[in-house]
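Report on one structure; see the data block that follows.
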Amino acid sequence: MVQYLRAREYRGVMSQETKSEYDVIVIGGGPVGENAASYAIAGSDRTAAIIEAELVGGECSYWACMPSKALLVPGSVLEQARNMPGVKEIVGDRELDTAAVLARRESYTHGLDDSSQVDWAEGAGIDVIRGHGRLSGPRTVTVGDRTITARHAVVLATGTTASIPSTPGLREALPWVSRDATNLHKVPERVIVVGGGVVACESVTWLLSLGTREITMVVRGKSLLSGNEPFAGEAVAKSLQDKGVRILFGASLDGVDRPDARDTGYGHIHGGPVTVTVNGESVTADEIVVAAGRRPASGDLGLESVGVDGGTSIEVDDHLQVRGVDGEWLYAVGDVNGRALLTHMGKYQGRVCGDVIAARATAQQLGESRFSASADHGQIPQVVFTSPEVSAVGIFEKEARDQGIDVEIVESDIAVAGSSLQQDNYTGHAKLVVDKTTDTIVGATFVGPGVAELVHAATIAVVGKVPLDSLWHAVPSYPTVSEIWLRLLESRR
Ligand SMILES: Cc1cc2nc3c(=O)[nH]c(=O)nc-3n(C[C@H](O)[C@H](O)[C@H](O)COP(=O)(O)OP(=O)(O)OC[C@H]3O[C@@H](n4cnc5c(N)ncnc54)[C@H](O)[C@@H]3O)c2cc1C
Ligand SMILES: NC(=O)c1ccc[n+]([C@@H]2O[C@H](COP(=O)([O-])OP(=O)(O)OC[C@H]3O[C@@H](n4cnc5c(N)ncnc54)[C@H](O)[C@@H]3O)[C@@H](O)[C@H]2O)c1
């Protein structure tokens, strides 16, 4: 943390500029803000500034995607090795080298030093201004005692923060949130996890692989990963339960008690044992992880100065322009607009928004499809890096039926030469949701080891609206897991 603050102070002094006007001002220097700024000025003499309160690179680089995936991959490699004759005999029952895993995680988060990202921004012609940015009127932003105006656009890219439910005693217990779980320095022996969504399932996966012995998940709903096809959450729940995780479904957290709560810093255990009451039962652990969703960072952005309510997701149109603000100058991209809380989708919006700003700055028409974030509507891909992995794109069966689509379901277990070669005891399942009227795929879900790499083919089919008749000629290579595509198509002949 000291190193992180030193890096911030140092860069703060070095990158402060005295300009009072830019063509484009972006508040929030996460992956999405970076893309919006660079696309808005690329190949032009337009000027841009990113205002960043913490680290350039945002939640994704230091506290979310990168550290979490760096923690998850070693466990996945070990699991594959344990299912591979010739390798499993060497691995035996050895566990991960926790220190080496954490060191690799640190190499991805650069010890919370964002110098390389600042160098990238400056190299792209973007000034980095340190501090908390706020709108103070049309095209006007304040950072501390400095006021800056934007000739063309202000882009809000402030992301989200972890949401902590108001359960009695929970906030006082100083629970871990995703920032602690991804930046853990010590692996707690016993953990209670609140939530059954993506952060909860992925966190439990790496905690298990790093040696947490006792995990209790407190899940409000009846399933894990409830935003997916039901079979995905069922497969992940079974796998976690087989590894000893206790999952309390339909559970409500009634109270939390931690007499010795201490703020020891991100990723350190926050004091003594914590006891929760769930449906009348007491459970005690060394740490409690809250993974109960996110809140948009829009509450302290000065939105009221331009007539927009703060504190909620900022509503935008498909050009990423904020609804209800005149003059085509205010945009909101990434997590803060609530459209899709995913880095790749936010960066896509950043590209669209940057292109829109550039086009409007040069009086171009916005007729082309690249000026519209159409994929936000029912064409979003996501990979959940649990064991088994879950990858999906588009809409699910229930959603499709609710929308009145004439649905055909095509599904199959993943049992092809490529999957059996990948590891012994491979189990997986795939499901396509087909719109019978157009003979195109509107949704696809894959569950199993290594299915992350299957989803882009499905994304192309969904976005390209490729008829299944044409997909018959997209022949998967032998022997790969992609042969599941052939099985799926064969099953409807
Ligand atoms: C544990 C975890 C794992 C995840 N894993 C994945 C994954 O594997 N794949 C994936 O696609 N998505 C993942 N996500 C989601 C992903 O992190 C977000 O979708 C992504 O970070 C959104 O990018 P953003 O730029 O919109 O916001 P952020 O990354 O949150 O960046 C916003 C930036 O704005 C700054 N800021 C906020 N307010 C102000 C202000 N007023 N002034 C100045 N600066 C401000 C913040 O300091 C921050 O740097 C994960 C999320 C979590 C919590
Ligand atoms: N691999 C990835 O792509 C990845 C990884 C992590 C996070 N993310 C993104 O980050 C976002 C946030 O993830 P998340 O898991 O925090 O949110 P989520 O919305 O996926 O899950 C939140 C969970 O918390 C529960 N919950 C909400 N309020 C509660 C309350 N008051 N009490 C008890 N339980 C409560 C919900 O029922 C749900 O199970 C997601 O949209 C996800 O897409 C993506």
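Both ligands and their constituent atoms are indexed starting at 1 by order of listing. Heads up: numbering here begins at 1 and tracks the sequence.
Contact between Ile41 and Gly125 at its shortest, heavy atoms only, is CD1-O, 3.8 Å. Minimum heavy-atom separation, Asp254 to Pro168: O-CD, 3.7 Å.
Distances from atom 33 (C) of ligand 1 to the heavy atoms of Glu54, Glu59, Glu52, Glu34 show the closest one on Glu52. Ranked by closest heavy atom to atom 1 (C) of ligand 1, the top entry among Gly131, Ala36, Ser178 is Ser178. Around atom 52 (C) of ligand 1, the closest heavy atom drawn from Gly57, Gly33, Ala64, Ala157 belongs to Ala64.
Residue pairs meeting the ring pair (Phe, Tyr, Trp, His ring centres under 6.0 Å) criterion with at least one member in residues 229-248, sequence neighbours excluded, are Phe231-His429. The list of salt bridge (charged side-chain N to carboxylate O under 4.0 Å, His left out) pairs with a residue in residues 338-349, not counting sequence neighbours, reads Asp318-Arg339, Arg339-Asp376.
No donor-acceptor pair under 3.5 Å is formed between the side chain of Ser305 and the backbone N or O of Leu303. No side-chain donor-acceptor contact under 3.5 Å links His152 to the backbone of Arg46.
In this structure, His268 and His185 have parallel ring planes: the angle between them is below the 30° cut-off, well short of the 60° mark.
Atoms of ligand 1 lying under 4.0 Å from any heavy atom of Gly334, numbered from 1 in the order shown and given with element: 26 (O). For ligand 1, the atoms sitting less than 4.0 Å from at least one non-hydrogen atom of Pro31 are 23 (O), 25 (O), 29 (O), numbered in the order shown with element in parentheses. Atoms of ligand 1 lying under 4.0 Å from at least one heavy atom of Ile51, given by number and element, are 43 (C), 44 (N). Which parts of ligand 1 touch Gly28 is read off a 4.0 Å heavy-atom cut-off, strictly below it: atoms 34 (O), 35 (C), 44 (N). For ligand 1 and Ser68, the ligand atoms under 4.0 Å from any heavy atom of the residue are 3 (C).
Proximity of Arg294 to ligand 1, defined as any heavy-atom pair under 4.0 Å, is confined to the side chain (atoms from C-beta onward). Here Arg134 has no heavy atoms under 4.0 Å from ligand 1, in either its backbone or its side chain. Contact annotation for Thr158 and ligand 1: heavy atoms of both the backbone and the side chain come within less than 4.0 Å of the ligand. The residue Val198 has no part lying near ligand 1, judged by heavy-atom distances below 4.0 Å.
The CZ atom of Arg370 sits 4.5 Å away from atom CG of Asp355, with the distance rounded to the nearest 0.5 Å.
A heavy-atom separation below 4.0 Å is not found between Met345 and ligand 1. Heavy-atom distances between Ala181 and ligand 1 stay at or above 4.0 Å for every pair. Every heavy atom of Gly346 sits 4.0 Å or more from the atoms of ligand 1.
Residues satisfying the salt bridge (Lys or Arg N to Asp or Glu O under 4.0 Å) test with Asp23, not counting sequence neighbours, are Arg151.
Near ligand 2, heavy-atom contacts under 4.0 Å come from Lys69, Pro165, Val194, Gly195, Gly196, Gly197, Val198, Val199, Glu202, Arg220, Ala291, Ala292, Gly293, Arg294, Leu341, Leu342, Gln382, Val383, Phe385.
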